2 protein chains.
Amino acid sequence: MADLKLKDLRYLVALADTRHFGRAAERSFVSQPTLSAQLKKLEDYLGVQLIERAPKRVALTAAGEEIVERARRILEASEEIVELAKGHRDPLAGQLKLALLPTIGPYLLPNVAARLRKQLPRLELMLYEYQTDPMLEKLHSGEIDVGILALPVQMDGLDSYELYKEPFTVAVPTSHKLASRQSIKVDDLAHETLLLLEDGHCLRDQALDICSGADVNEKQNFRGSSLETLRQMVAAGVGITLLPELAGRGAYGAARGVTIRPFVKPVPTRTIGAVWRKSSARREAILALAKLIEAHAL
Amino acid sequence: MADLKLKDLRYLVALADTRHFGRAAERSFVSQPTLSAQLKKLEDYLGVQLIERAPKRVALTAAGEEIVERARRILEASEEIVELAKGHRDPLAGQLKLALLPTIGPYLLPNVAARLRKQLPRLELMLYEYQTDPMLEKLHSGEIDVGILALPVQMDGLDSYELYKEPFTVAVPTSHKLASRQSIKVDDLAHETLLLLEDGHCLRDQALDICSGADVNEKQNFRGSSLETLRQMVAAGVGITLLPELAGRGAYGAARGVTIRPFVKPVPTRTIGAVWRKSSARREAILALAKLIEAHAL
DNA sequence: GTCAGCCATAGATGTCTTCTATGGAGTTTA
DNA sequence: TAAACTCCATAGAAGACATCTATGGCTGAC
């Protein structure tokens, strides 16, 4: 046997309101026989008479009254679902869980935060910081919607969008001999003491990769836990380090005792991109966000 | 466009539980393509993507999660309706609003109350006392389900069942000359002072009708408001009255100073019946009640 | 590279809602 | 008292839509 249908409940409530089959049918945009027959089926299905049909008087039985009451609640809740869905229709609204690399987040966000609020006002960003591998895991598991990291990464099931190419810069103590140069070659780093982040930070590998040609010495027994740690170490004269350009600019860049110098061409860079699940329903919001960052990151 | 269907919500909840189209379909007793297509239609109708479809991973969007939550509530409530209906299926259960004439109620109920509780234990009787006309009104309006009164009455839209024929008896002061008779003829009432109920009581009209042949005098400036008032007046020697047989028996019948005597044949009687709306859904319970009264009233 | 798992699509089928037309009971009006 | 009207139920036809089986396509695993 068929089961309960919302439509039938609507018919029943319409009848309860009008106490008249014809007008209830009209209100339900169906013919009177349709409403009549469907309500009879509803009674058959429930095994209870809901309606007293008298020539000039339609009334509900006790069972009918109780069921109408619940039917109203159900119909209200079903309307809520529709309304709720309406609220979710705007692809540029709602929560978007965004993760950034620790070497990107604090330096990129100040550049785009204001524009974000203006251009995507209904997008509620939830911010997280993860290193590449945990970020990819949380992306796959659905914990976050989009990650901003250094490309390339393993892309199975993921889509990506290239945001910008970020030049590396060299950070040296202000008193260092390289501080007087306008720009620096990779070979100039030979025999320098290089300060690097701890394992897990992709920036560590990128820096090592850049310096693989030159004969540099990584400072032993030291692993910085953040770029700010590195910066302070450089200021203290312990060694030099490589900083992504964004990290060398703005409020953070002006640290005392540290001088930032660009590389000469070909400037080593890293590619920053946004990554999300191919199957993500937030693709549209993510692309809007990505394009905004692309345009205003640097 | 079609509207929300409970079945679709069931599919969605099944998918939320299993996170697998095939198993959700199995749990819903439909094929996988059916569930797939219906959920897509649901998304189209709501205008929101509810499901992230990835090769090895089915997940819900934020909208999906919220809607599933409400869908669960709706489905629970719809189950409640079915359960509620089940509880109303027993035609011999539930409330039954029963009205009796004031000249019947106190005398009939003691005879049947015990049997009622035993034979119709799930029937919850709500008792009322009304005179004939208000009773018929409340019957038509649906305020009460069944009335017990003296037939015949105006039967438009009503059904009736004859319960019993109630003989009238004569109540006289014990010191009255008629008290010594074994039985009484209507003509014996000639020149007696007759005590009657106030207007509105059908018993008043019945008594007047019976006595219309004899030359009796209704006590002026007096109208009893209940049979008990009349009985006390008789005991006080003010006059005589007619009592329905049930009112002359049992606990009430034994009042001091009052003697009850039967009429000789043809004994005047009134016909007591049950009356209900032709359209009433409680017909079955009413008939069961009526047959019980018919068997055990006298 | 092949295989298995899984969801989407296509086309056919059948159920069930819905319609119009009509019947029948009851009430009101001429 | 008959006729017209109101209102709900029934009948039969038409149409909409959910459902099925078969199949395709994509992905991840061995």
Side-chain angles (χ1 to χ4, degrees), chain A residues 1-12 14-16 18-45 49-61 64 136 140-141 154-159 277-281, chain B residues 1-12 14-16 18-45 49-61 64 140 154-159 277-281:
Chain A
M1 189 183 306
D3 37 25
L4 215 53
K5 292 180 202 81
L6 280 180
K7 202 182 299 186
D8 295 345
L9 295 185
R10 271 188 265 274
Y11 293 159
L12 181 62
L15 186 70
T18 60
R19 310 221 162 238
H20 188 287
F21 278 75
R23 280 190 282 279
E26 194 177 355
R27 218 190 70 165
S28 307
F29 307 106
V30 293
S31 69
Q32 169 267 316
T34 296
L35 184 129
S36 229
Q38 289 311 107
L39 285 181
K40 181 180 284 286
K41 282 196 182 179
L42 179 61
E43 286 181 319
D44 287 348
Y45 171 65
Q49 185 173 344
L50 303 173
I51 306 156
E52 264 193 38
R53 298 158 173 85
K56 282 291 175 189
R57 180 174 157 280
V58 171
L60 294 179
T61 63
L136 289 175
H140 281 292
S141 76
Q154 189 65 32
M155 292 292 293
D156 45 310
L158 302 179
D159 264 354
R277 291 182 301 284
K278 270 201 177 95
S279 60
S280 174
Chain B
M1 187 183 310
D3 39 25
L4 215 54
K5 293 181 201 83
L6 280 181
K7 205 182 296 186
D8 295 344
L9 296 185
R10 271 188 264 273
Y11 294 159
L12 181 62
L15 186 70
T18 61
R19 311 225 159 232
H20 187 286
F21 280 74
R23 281 189 280 280
E26 194 177 356
R27 218 190 70 166
S28 307
F29 306 106
V30 293
S31 70
Q32 168 267 316
T34 296
L35 184 129
S36 231
Q38 288 312 108
L39 284 182
K40 182 180 284 285
K41 281 196 182 179
L42 179 60
E43 286 180 321
D44 288 348
Y45 170 65
Q49 185 175 344
L50 304 173
I51 306 156
E52 264 194 38
R53 298 158 173 85
K56 285 291 177 189
R57 180 174 156 278
V58 171
L60 294 179
T61 64
H140 281 292
Q154 189 65 31
M155 291 292 293
D156 45 312
L158 302 179
D159 264 353
R277 290 183 300 284
K278 269 201 178 96
S279 60
S280 173

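What you are looking at is a predicted structure, and each value in this text was computed from that prediction instead of being measured. Letters A, B, ... mirror the listed sequences (proteins, then strands); counts begin at 1.
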Engineer: Hey, what do you get for CG (A/Leu158) to NE2 (A/His140), rounding to the nearest 0.5 Å?
Structural biologist: 4.0 Å
Engineer: Distance check: side-chain N/O of A/Lys5 vs OP1/OP2 of C/dT17, anything under 4.0 Å?
Structural biologist: yes
Engineer: With sequence neighbours left out, write down each residue that passes side-chain hydrogen bond (donor to acceptor under 3.5 Å, both in side chains) with B/Thr18, or none if nothing qualifies.
Structural biologist: none
Engineer: Please confirm whether the shortest side-chain N or O distance from A/Tyr11 to OP1 or OP2 of C/dT17 is below 4.0 Å.
Structural biologist: no
Engineer: Look at B/Lys7 and D/dA18 and indicate whether a side-chain polar atom (N or O) is within less than 4.0 Å of OP1 or OP2.
Structural biologist: no
Engineer: Can you name the salt bridge (Lys or Arg N to Asp or Glu O under 4.0 Å) partners of B/Glu52, sequence neighbours left out?
Structural biologist: A/Arg277, B/Arg57
Engineer: Does B/Asp156 or B/Arg19 map to a spot on DNA chain C nearer the 5' end, using the closest nucleotide for each?
Structural biologist: B/Arg19
Engineer: For B/Asp159, which residues count as a salt bridge (Lys or Arg N to Asp or Glu O under 4.0 Å) partner, sequence neighbours excluded?
Structural biologist: B/Arg283
Engineer: Would you mind reading off the distance between A/Gln49 atom CD and D/dA9 atom P, rounded to a whole angstrom?
Structural biologist: 11 Å
Engineer: Between protein and nucleic acid, restricted to nucleotides 19-25 of chain C and to nitrogen or oxygen atoms under 3.5 Å apart, what atom pairs and distances do you find?
Structural biologist:
residue : atom : partner : partner atom : Å
C/dC19  : OP2  : A/Ser31 : N            : 2.7
C/dC19  : OP2  : A/Ser31 : OG           : 2.8
C/dC19  : OP2  : A/Thr34 : OG1          : 2.6

Engineer: Indicate, with a heavy-atom threshold strictly under 4.0 Å, whether A/Lys278 touches base, sugar-phosphate, or nothing.
Structural biologist: nothing
Engineer: Rounding to a whole Å, what distance do you find between A/Ile51:CD1 and D/dA9:C1'?
Structural biologist: 13 Å
Engineer: Taking only residues two or more places apart in sequence, or in another chain, which ones meet A/Gln32 in a side chain to side chain contact (heavy atoms under 4.5 Å, CB included)?
Structural biologist: A/Phe21, A/Ala25, A/Ser36
Engineer: May I have the distance from A/Glu52 (atom CD) to D/dC7 (atom C1'), rounded to whole angstrom?
Structural biologist: 17 Å
Engineer: Of the nucleotides D/dA9, C/dT9, D/dA18, which has the atom closest to the B/Lys40 side chain?
Structural biologist: C/dT9
Engineer: May I ask you to verify if any side-chain N or O of B/His20 is less than 4.0 angstrom from the OP1 or OP2 atom of C/dG5?
Structural biologist: no
Engineer: Only pairs at least two apart or in different chains count here, so list each salt bridge (charged side-chain N to carboxylate O under 4.0 Å, His left out) that has a residue in residues 19-37 of chain A.
Structural biologist: A/Asp17-A/Arg27, A/Arg19-A/Glu65
Engineer: Considering only C/dC16, D/dA9, D/dT19, which nucleotide approaches the side chain of A/Lys41 most closely?
Structural biologist: C/dC16
Engineer: What's the CG-C1' distance between B/Leu15 and C/dC6, to the nearest Å?
Structural biologist: 12 Å
Engineer: Do A/Leu4 and A/Leu42 make a side-chain contact, defined as non-hydrogen atoms from C-beta onward lying under 4.5 Å apart?
Structural biologist: yes
Engineer: Would you say A/Tyr45 reaches C/dC16's phosphate, i.e. side-chain N/O to OP1/OP2 under 4.0 Å?
Structural biologist: no
Engineer: To the nearest Å, how far apart are B/Leu6 CG and C/dT17 P?
Structural biologist: 14 Å
Engineer: Can you check the A/Asp3 CG to C/dT15 C1' distance for me, whole Å?
Structural biologist: 14 Å
Engineer: Give the rounded distance in Å between these two atoms: CG of A/Leu39 and C1' of D/dC7.
Structural biologist: 15 Å
Engineer: C/dT18 C1' sits how many Å from A/Phe21 CZ, rounded?
Structural biologist: 17 Å
